[in-house]
Each structure stands twice: as C-alpha cells, then as structure tokens.
Chemist: 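Starting off with a structure, shown below.
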Amino acid sequence: MYRHLENRLAQQIRGFLREKYGVELERIVIEQPPKVEFGEYASPLAFDLAKKLRKAPRKIAEEIVAGIGAIEGFQKLEVAGAGYINARVDRGALASAVARDEQPTVEKPSGKILVEHSSINPNKAAHIGHLRNAILGDTFVRLLRFVGREVDVQNYIDNTGVQVADVVVGFLRLEKKSRAEIEQLAEQSRFDYYCWDLYARTSQWYEESAENKKVRLQVLHEIEQGGNETAVLAELISTAVLRRHLETMDRLDIEYDFLPRESEILHLHFWDAAFTKLKETGVLTFESEGKNKGCWVMRRAGTQKTSTTEDTESTEENTEEDTEAVSEEDQKVIVRSNATVGYVGKDIAYHMWKFGLLGKDFEYRKFYHYPVTQKDCWVSATNGQKEHPHFGDVAENYNVIDVRQSEAQETVKEALRDLGHGEAADRLTHISYGMVVLTPRCAAELGYKLSEEDKTRPFIGVSGRKGFGVKADDLLDALIVSAKQEVDSRHPEREDSERREIAEKIAVGALRYFMLKYTKPSVIAFDFKDALSFEGETGPYAQYAVVRATNIFRKGGFDVEAFSKDVAANLSPEDLSRFLSVKQADDGPAPTTDDRRPTTGADPNELWELWLAASKTAYVVDQCIATTEPAYLAKHVFQLAQMFNTFYHRHPILTELDEQRKKFLLTTAAVVRQELIRALAVLGIEVPVVM
RNA sequence: GGGCGCGUAGCUCAGGUGGAUAGAGCAUCUGCCUUCUAAGCAGAGGGUCGCAGGUUCGAGUCCUGCCGCGCCUACCA
C-alpha cells in the first residue's frame, strides 16, 4: 500500500513538472522523512530543479505545492525547510486499506524463475557456511513467491568430484571397509557426521606421502568413468549424505524441487553438446603453444576483447599477435590438455540447459518425499521415470553462491553472452554473499588447535578439509536445547512433545534470523554467544511480539482469527482517522506524553507510526527482490516488532474503559500481528502458539 | 601486480539512487513484574563515520590518492 501511494505521488509530480515547467525528470526522488511529523513522504527535488529553473528551491517547492492540486489518498503537501516538499497521506484511508488488507494489483513479469542454492558437496555434514547459503536462498525463494512468481528450487549436486573421492578413499584405505559395512554405516542417522571426520582424516593422510595422493587420483578417475565398484560406492555414499542434507535443511523448512547431479551432466553428455556450440561460435579457442598448450581456453570474464569482429575500426592498432589471441593472463582453461573438462565448462553446459539452450534434457526420478508438505523432490537420472515435472527452460535464474565464486559466475555469463544469448546472460544473477568464519575464541572453544599464524588472524575460515567448523545440526540442536529449557520453565503445564515443538520453532526462528540480519557482503564472524541469543534483534524477539498480541485476544475472550479475518469491520475510516490523526492544533509543541498513564492523551503520531510501518511490508519485499537483499525484510520485521512492543507497554488494552478506543487498540494489535506473521513467514519463520 | 569487497559506539552490525539532530542490538549502569507473559519496557553513558584531498547549497554516502584487513587471480571441484 505504501509503495502504491509513493508511485501515485511520483506520477502526479512528474505530470505537474512537465506541464508547468516543461521539465522531464527521469527519477522523482521520494524518500522517507526522518520523523513522521514531517509527513509520510518527502522530496528534495526542488533543490535539483533550482539550477535548471534558476529559482530558489523554496520558491519552486511553494509553486509545486500550490499548483499540484488534490491527489487521491493524500491530505496535503507542504513546504518545509529550505525547499523540501513533504506529503501527508490521508491516514484514515491508508489505515483502512491496511485493515482491509488491500493489495493493489501490480503487473508481474511472466515466466518461471530458477533459484539455485545450497549445492553442498555430498561428502560430509553441512556446516554453518552452508546454512547461510540455504537460508539466504530459501528466503529469496519465499520473497519471489510472495509477489506471485513461479519458482523452481534447485540444488546442484557435485557427486563426482574429488571431495567424494576423498571419502571413498577413506572408507577403502583408512578404514578398509567392505561394501556391506559401508551400506550399514550409511543407514546411520548421522552418517554425514561420520564422513565429516573421515574426510578430515583422509585429507591428513594425503599429506603423509605422495603415494597416498596417487590413490586419490586413481579413485577419482574410476568414479568419473563409472560402471565399476568404486563408482557404486561413491554413489552410495554421496546419496546417503545428500539425503542427510535434505533432512537437515527440512528442519529449517527448506525444500528443493530438483537436484541436478554432475554425474548426469557427464553421462548424458551435456558437455559434448555445449562443447560443439562453444567451438562453432569461437567462444573457445585452442592453444597450440605457451603455458596452456593443448587446452581449450576462454577469455577471462571482465577482460577486454583484444580483437574486434565488427563494430569498431581499430584495424590500425592491430598488431600481428593481436588477431584472435587472448593474452595468457586473461585465459581461463575450460578443457585441459588431457581432454577432460573443468568445472566451469560443466557449469556452462548446465546453464545452457537452464535457459533451454542446450537441446538436451535430464531424465528424472523421485528422490525425497517431504513428510510435512507432502511434496516431492526430484533428482536427475540416466534412466528416469516417464512422468515428471518440467524443469529448466526458465526465464530468470538466481544463483546463491558465496563471493569466492564471483569470477566463475562471470565466466559463465560471458560464455552465454558470447554464444549469442545475451538476454539469458542478463537474466542470470549471482546472489553473492560473504563467508561465515569462526572467531579465534569460537575456534578455541571448539577445541581446535590454532597455528601461531591463525592466532594473529581476525578470524578462522571454516574448512571441511581440516574438519574446522560448526555443523548445522549441532548448532540447531544447541539452539533447541537452550530454547527448550526456557519453554519448560515457562510452560510446565504443557505436554513435553508440545514444548519440544515450540522450542524447535524458536530455534529455527533464531537461526534463520541470525543468518538474515547481516547484509550479504558482510563476513559473519560466528560466535555462539550471538547465535544462541534470544534477546534483542533476534527471531524470537519478533515471534514473542506476535505471541503477546495473541495473548491479548485470548485473555480478553476474543477469537483472534475471527477478529483478524475482518478487522476493517470494526472501525470506519473516519474512526481510524480520529485515533490516528493529530488535531490541527497550530504548530505548537508536540504534546508531551507521560509514559506511565498515557491512556487518554496518547500521541496519535506514535500509533500512526506503527500503522505506517505495517503498511510497508510489500514495499520492503519489492526492495529485497530488486536488490537481492533479504536483510531489509529482517530489519523491517524487527522494527515492526519493536514498535509493537512499545505500543504493548504503553497501552493496556483489556483495561481500557472507552469502548471505542479499546476496539481501536485491538484492531491495531490485530493488524500488526497479522503483518508480522506474514513477514516472518517470508523469512521462513513460524510463530509458536505460546512462548 | 590486477580484480572484487570491507573499514561507522567497547563488541557485532544498519545506514535504497548525496539531504533534515549518524541509528540498532549486545555489553556496562539506573529504574519497572498484585498489570494483556520481564524472551519485555523506560532511561544513561559511549562517535575526529580508517587517513588526506576533491566535487557542491549539502558528503558516512560520489571522485582521487594513501593506510589496514579479507577474498579471487590453478590444466581442484
């Protein structure tokens, strides 16, 4: 609603400027005033116009305000300071729209969106770094679905890489396990933990001798080739670990639709198809000498083309070596001299498939059934089921991958562009985010021995290879234990199973919020103290605000859901306006409020701020999508909860004597509660019945 | 060397396309549970926004140069 009004205001101003001054501004800058006393919107555009029109800003602002006329939904415009134009909305009308839950229809682009996230190597337990990825990705999916987009969630599984080979080596060489024994272990509830340790041990074992490292290459080769016992073991292990990852993420309400695996990219010859096209179009060039002799290489993303095919006429600058050559520095090897393709190459093929440009498709079979939502997650296969959903062929693609992959992502885009699919490249977005690292203190708490060098560092990187890191399930378990203690002491009368369920929701709320409150570029220095906190800017804080709102209704003998279903029925826009508008008492000082007993003379602005914040959710969601930054919504949820808590303290509702006012306060609580529940759901956070 | 990112309160972080008095949380200190649950509220202290220039009515925000930190820069995935 808030967004809607802003657009209307901007349009109106634009039209007026065109008519009155003949000026066309590409952007009408509208911002949110620092205080609600200044109105709901403010524009400094008179300052910009001052130069163009050679008039004082204040004068321009006055002319605009005087000449623009009435705007639907707005009370008036006014000039402030040296030339600000402040706009005041019709509070009753906006509040009424919020209460009616009016969502102005906005046209949305058509086409399916593919969000790829998680992509955890299936050779060990998921850790906190993977949590950030999955939570960021899942929240982005929820944001898109909130605005009505159709989304497919994919989780790319690299099941043929060295990481998997390492665990296979561990089982065969270090543990000397038989296939039957491995099968039995794979049945264990936390097989991924077993692999975590084994992977670290194997990595260490490689350091012992060059001989050991050779084993790794041999095993890797066998896996890639397929059709042998080693490949079967790799499949067995990676599938079991993958299943564990899905279980772990399901604990956080994170689901996937499709799991494309590298083994199928290989066996269904995706690369061959891509390679042909890449050669035809000259995207890849063969190096016949130099450092990369015998390789097929590509120009590194971001580097300049040295030769130009058409548009420019820089022939005079062409020197002999310049013809099609890319300097070695700027080369990215795609196909190695031994004719094997690197990971970027496979990624290019995969992305061609995503946009329906490869001319090939996976085969599919059901892999995992989500017990709660009853949905199925599909996996790629070489001979799949006949009936399956249609994946791929999407209009847009967002990849959630940490910042270290930025260059590789750019290379993929560059390849698409050079293949002549510029529009696909433009619709491929890398959602890049910073690493989750351990503070030295945290690493010490976990019992890791730090090298002298590490001790001087500000933080320690998580490393699966070294076994450094906090496992996702461990963190979640710790959060549940901590929440459970609190729930036990607060609600001893409830069943243990119910208390457990409540604790789980709190734990998930805490964890998801923790990962979302940092903006993407920020490196998260993980610390148990912060992550395990349920106070202040946390998920449980917002959940608690909702529970409190619910309690008002319960104690008052109202049915919240029934009341919330038709909140608007309680009050007319005029009633709302009466409670939310400041009496036009000529610019005197704002009435001072007594914090203790403000029941009668409350500041309408303070209540209005709460309603206004509640109206901004859709606006914030749009912003999150446009900037691929879910943290804004997390921030918004916290601010709304914070304002609600203040409101809650300042206005005892059930003891309110004025019936009309009581109804208004209840309506306020219902509206904010509803809005918080909705916004929390977009963050993937549910609210428990009690806390 | 090149590319990307970061540097704001003791700590962890917000500060959309330059705008009104730079904000939260944690930690510290002081109050508030016979009240709709204190996972809360009210208040206090705490800032040369890394440094130096520049652009202009106006810079935490934009430009340049430094300083410090991280990541990427493999015929590993």
Side-chain angles (χ1 to χ4, degrees), chain A residues 27 29 31-35 38 42-44 47 50-51 57 80-84 86 121 158 160-165 220 262 291-297 300-303 329 332-338 340 342-344 346-347 402-408 410 432 434-435 437 439 457-459 461 483 486-487 490-491 506 510 517-519 521-525 527 529-530 533-538 540-541 543-545 547-556 595-596 623 626-627 629 631-632 634-635 638-639 642 645-646 648-656 665 669 690-691:
Chain A
R27 294 194 84 160
V29 179
E31 39 195 48
Q32 305 180 22
K35 281 187 174 178
F38 296 146
S43 180
F47 295 106
K51 249 167 281 167
Y84 274 98
N86 291 341
N121 285 325
D158 178 10
T160 57
V162 278
Q163 291 89 348
V164 172
L220 178 61
E262 187 152 292
K291 184 177 76 144
N292 295 325
K293 184 178 176 183
C295 298
W296 287 87
V297 301
R300 189 181 295 287
T303 58
E329 286 287 291
K332 175 79 194 161
V333 172
I334 304 298
V335 180
R336 303 177 195 116
S337 54
N338 66 2
T340 58
Y343 131 89
V344 178
K346 290 176 222 170
D347 220 21
D402 76 57
V403 64
R404 290 175 301 183
Q405 291 282 350
S406 297
E407 195 179 283
E410 274 310 309
S432 157
M435 309 297 300
V437 298
T439 59
R457 290 172 183 270
F459 41 71
E486 196 68 31
V487 177
R490 286 167 187 245
H491 303 284
I506 293 168
K517 73 175 182 180
Y518 301 91
T519 51
S522 171
V523 172
I524 298 183
D527 195 298
K529 186 173 77 60
D530 294 335
S533 170
F534 297 150
E535 288 165 19
E537 196 192 342
T538 65
Y541 176 94
Q543 291 171 313
Y544 188 56
V547 167
R548 288 174 130 185
T550 311
N551 285 345
I552 298 170
F553 289 88
R554 216 195 38 236
K555 277 283 170 74
D595 287 344
R596 306 258 163 123
Q623 202 178 322
T627 56
E629 180 53 275
Y632 296 141
K635 217 73 186 174
F638 174 64
Q639 280 166 359
Q642 203 173 33
N645 274 333
T646 308
Y648 177 92
H649 264 270
R650 230 168 256 181
H651 306 289
I653 297 178
L654 297 178
T655 53
E656 174 62 50
L665 293 174
V690 295
M691 279 178 79

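The chains referred to below are lettered A, B, ... by the order of the sequence lines, with proteins before strands, and numbering in each begins at 1.
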Chemist: Tyr632(A) OH to G16(B) P: how many Å, rounded?
Modeler: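 Those two atoms, OH and P, are 7 Å apart.
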
Chemist: When you measure from the side chain of Ser522(A), which nucleotide among U73(B), C13(B), C26(B) comes out closest?
Modeler: C13(B)

Chemist: Need one value for Asp347(A): base, sugar-phosphate or nothing, where a base atom within 4.0 Å counts as base even if backbone is also close, heavy atoms only.
Modeler: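 Nothing: the residue Asp347(A), judged by heavy atoms under 4.0 Å, touches no strand.
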
Chemist: Indicate, with a heavy-atom threshold strictly under 4.0 Å, whether Lys293(A) touches base, sugar-phosphate, or nothing.
Modeler: base

Chemist: How far does the C1' atom of G45(B) sit from the matching atom of U28(B), given to the nearest Å?
Modeler: 9 Å

Chemist: Please state the C1' separation for the pair G60(B) and U21(B) - nearest whole angstrom.
Modeler: 15 Å

Chemist: Using whole Å, what does the distance between atom C1' of nucleotide C71(B) and atom CD of Glu407(A) come to?
Modeler: 11 Å

Chemist: Taking only side-chain nitrogens and oxygens of Tyr343(A), does any of them come within less than 4.0 Å of OP1 or OP2 of A74(B)?
Modeler: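 Tyr343(A) to A74(B) OP1/OP2: no side-chain N or O under 4.0 Å.
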
Chemist: In whole angstrom, what separates Phe459(A)'s CZ from C6(B)'s P?
Modeler: 14 Å

Chemist: Find which nucleotide of RNA chain B each of Pro521(A) and Glu31(A) is nearest to by heavy atoms, and output the residue with the more 5' nucleotide.
Modeler: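 This one resolves to Pro521(A).
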
Chemist: Over all strands shown, is Lys35(A) touching base, sugar-phosphate only, or nothing at heavy-atom distances under 4.0 angstrom?
Modeler: base

Chemist: With P as the reference atom in both, quote the distance from C51(B) to G10(B) in angstrom, rounded to an integer.
Modeler: 14 Å

Chemist: Just the atom pairs and distances: protein N or O near nucleotides 10-12 of chain B's N or O, under 3.5 Å.
Modeler:
residue	atom	partner	partner atom	Å
U12(B)	O2'	Tyr518(A)	OH	3.4

Chemist: Given the P atoms of G18(B) and C13(B), what is the spacing between them in whole Å?
Modeler: 26 Å

Chemist: Taking any strand in view, what nucleotide pairs with U17(B) in a Watson-Crick or G-U wobble way, both distances under 3.5 Å?
Modeler: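 Here U17(B) is not engaged in any pair, so there is no nucleotide opposite it.
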
Chemist: If you measure from the P atom in G25(B) to the same atom in C41(B), how many Å do you get, rounded?
Modeler: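 The answer is 8 Å between these two P atoms.
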
Chemist: Charged N to carboxylate O below 4.0 Å: is that the case for Arg300(A) and Glu410(A)?
Modeler: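 No, no charged N to carboxylate O under 4.0 Å.
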
Chemist: Which listed nucleotide (A14(B), G16(B), A20(B)) is nearest to the side chain of Gln623(A)?
Modeler: G16(B)

Chemist: A27(B) and A39(B): how far apart are their P atoms, nearest whole angstrom?
Modeler: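 My reading of the P atoms in A27(B) and A39(B) gives 14 Å.
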
Chemist: Determine the contact category for Ala42(A): base if any of its heavy atoms lies under 4.0 Å from a base atom, sugar-phosphate if only primed atoms, P, OP1 or OP2 are that close, otherwise nothing.
Modeler: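 Base contact.
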
Chemist: If you measure from the C1' atom in G23(B) to the same atom in G46(B), how many Å do you get, rounded?
Modeler: 14 Å

Chemist: Going through the distances and angles, do His649(A) and Arg548(A) end up as a side chain to side chain contact (heavy atoms under 4.5 Å, CB included)?
Modeler: CA-CA 11 Å; His649(A) 264 270; Arg548(A) 288 174 130 185; 3.7 Å; yes

Chemist: Pairing donors with acceptors under 3.5 angstrom, does anything connect the side chains of Asn551(A) and Arg554(A)?
Modeler: yes

Chemist: Are the charged groups of Asp402(A) and Arg404(A) less than 4.0 angstrom apart, N to O?
Modeler: yes

Chemist: Any base atoms under 4.0 Å from Ser406(A), or only sugar-phosphate, or nothing? Heavy atoms, all strands.
Modeler: nothing

Chemist: Assign a letter to each nucleotide of nucleotides 36-41 of chain B from its 5' end: B, base within under 4.0 Å of a protein heavy atom; S, sugar-phosphate only; -, no contact.
Modeler: BBSBBS

Chemist: Using a 4.0 Å heavy-atom cut-off across all strands, classify Gly342(A) as base, sugar-phosphate, or nothing.
Modeler: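 Sugar-phosphate contact only.
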
Chemist: Decide whether Tyr541(A) and Asn645(A) meet the rule of one side-chain donor and one side-chain acceptor closer than 3.5 Å.
Modeler: yes

Chemist: Both distances below 3.5 Å, Watson-Crick or wobble geometry, any strand: find the nucleotide opposite G46(B).
Modeler: none

Chemist: Side chains of Val344(A) and Ile334(A): closer than 4.5 Å at any heavy-atom pair?
Modeler: yes

Chemist: Rounded to whole Å, please give me the gap between CD in Gln639(A) and P in A14(B).
Modeler: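 Rounding to the nearest Å, CD of Gln639(A) and P of A14(B) are 14 Å apart.
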
Chemist: For C6(B), which nucleotide is its Watson-Crick or G-U wobble mate, given both distances must be under 3.5 Å?
Modeler: G68(B)

Chemist: Relative to the 5' end of RNA chain B, which residue comes earlier, Val335(A) or Phe638(A), by the nucleotide with the nearest heavy atom?
Modeler: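 Final value for this comparison: Phe638(A).
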
Chemist: In whole angstrom, what separates Gln32(A)'s CD from U17(B)'s P?
Modeler: 12 Å

Chemist: Using a heavy-atom cut-off of under 4.0 Å over every strand shown, decide if Glu262(A) touches base, sugar-phosphate, or nothing.
Modeler: sugar-phosphate

Chemist: Take atom P in G15(B) and the same atom in G2(B), then report the distance between them in whole Å.
Modeler: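 Those two atoms are separated by 30 Å.
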
